[in-house]
Amino acid sequence: MWHGRFTKDTAKTVQDFTQSLDIDWRMYEADIQGSIAHVRMLGKTGILKPEESAKIEAGLLKVLDEIREGKFTPSESLEDVHMNIEARLTEIEPLGAKLHTARSRNDQVATTTRLYLRTRLQALSDDLRGLLSVLVSNAERHIDIIVPGYTHMQQAQPVSMGHYWLSWFEAFYRDSQRLKFALSSLNECPLGAGALAGSTLPIDRFMTSEILGFDRPTRNSLDTVANRDYMTDYHYFASVFMIHVSRLCNDLINWNTQEFGFIVLPDEFCTGSSMMPQKKNPDVLELARGKAGQVIGNMLDLMITLKGLPMTYNRDLQEDKRGLWASLDTVEAVVKIIAELLSKVDVDGELALAGLEKGYSLATDVAEYLVMKGVPFREAHAKVGKLVGWCIAEGLAFSDLTIEQWKEHIPEADPAMMGILSARESVNRRNVYGGTGFAQVRRQIEEAKGRM
Ligand code: ARG
């Protein structure tokens, strides 16, 4: 088919090496959608007769039915999804030979891929909203539970577990904004850019763009067939999202250990060991963390492919989809399973609090109390630090100390100070905008709901 200048068929080895059918066949629906828009435009602009256009459209719909019913098997000898569909169309409807008027596979492949990606990203965007809403309901569910907040993996200050869940809401909310950007950057219509320079025929690029629901036709035909930014934008979203997932999973894996122990994972999201009967392993979390590397790798894969390419289309660009599909599949699966797991996570508040009380996470609270009594912060910091050192040596917690012992080390200490020495008070008093104070967390919850 379409031999033209060639006197010999492409060698079988070359067909095998150059085909992209195994990768691009999944876009058949988007490809037919793009072709229908194109052929309608050809009919409306008088490039084809209206009845020719209608017959080609009917033929395309027939091919779509055949594919859906499993009656049409594409062939790798026809290279890709685009040529397979056009060839089958022309078998059914000889007018199919007019479909490719004013079109190249270079603008076609870009159109098909953008349409396909748009559908997948719209679904992903809904799933991501699902994850955000789980985080908000977890924040409501756990607002009163106090857990240690960590820096350097050392107990730092007590925080509301609601505050913790909302920290991930913020990260994933930014991801949703990046996804939105990826969706808007792909939403321009390549059709009519042709092979690279447009067409001599009186096509209407605005018409095809509108039929396909794009915001506008792309603005420069050379850029159109060279551009894969709409993929790198997705990859960047996906990579940052997976970095966030990976860090979240890492926390939950740690907090689910016997050593921390204050996170309870749902049984149905864990697996046992083939040897050790006591094990309940957080495999889902570990795998989500583990998959982040591939997603970042897929972004680099495409960027490295792109960096050496001259304007405009080069066949290297056919290598753009394998990693894209892999990342789409991974991110979709991860968003869903992590949302479900999070909706079932429980927190053992008593254990978390017990762990906190053994530590000195109220040290900053004491120093700030002294500041309110006029002690310079650096001085207060040093005094409380010294007391912590003494307590460690004596094997005492803050809660073990009498007011006399406090005064011995810190003369400014007073009985009222004893009232602030609880994790709950500590959280409650961090009542600054964005802080962990209960009132602030409640406000954050309302604000998060508004943003969704
Ligand atoms: N199979 C090709 C791809 O996916 C289609 C475009 C081919 N264009 C060309 N000039 N050979 O990129």
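Below, each value reflects all heavy atoms present in this structure, side chains not excepted, and no hydrogens, waters or symmetry copies. One-based numbering, in listed order, for ligands and for the atoms of each.
Every pair passing salt bridge (charged side-chain N to carboxylate O under 4.0 Å, His left out) that includes a residue from residues 92-105 is listed here, sequence neighbours excluded: E52-K98, E79-R105, D80-R105.
Geometric assessment of R118 against the ring of F214 yields a positive cation-pi assignment under the 6.0 Å and 45° thresholds. Geometric assessment of R26 against the ring of Y116 yields a negative cation-pi assignment under the 6.0 Å and 45° thresholds.
Taking the ring centroids of Y164 and W255, they lie under the 6.0 Å cut-off.
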Within the protein, flag every N or O under 3.5 Å from an N or O of ligand 1, and note the pair and distance.
unit_1	atom_1	unit_2	atom_2	d
ligand 1	1 (N)	S20	OG	3.3
ligand 1	1 (N)	E79	OE2	2.9
ligand 1	1 (N)	D80	OD2	2.8
ligand 1	1 (N)	Q318	OE1	2.9
ligand 1	8 (N)	N106	OD1	3.0
ligand 1	10 (N)	N106	OD1	3.2
ligand 1	12 (O)	Y313	OH	2.5

* Asked: Passes side-chain hydrogen bond (donor to acceptor under 3.5 Å, both in side chains), N187 versus R114? Steps please.
  -> CA-CA 7 Å; N187 211 30; R114 284 172 187 249; over 6 Å; no
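Within a 6.0 Å sphere centred on CZ of R141, heavy atoms belonging to other residues, nucleotides or ligands number more than 12.
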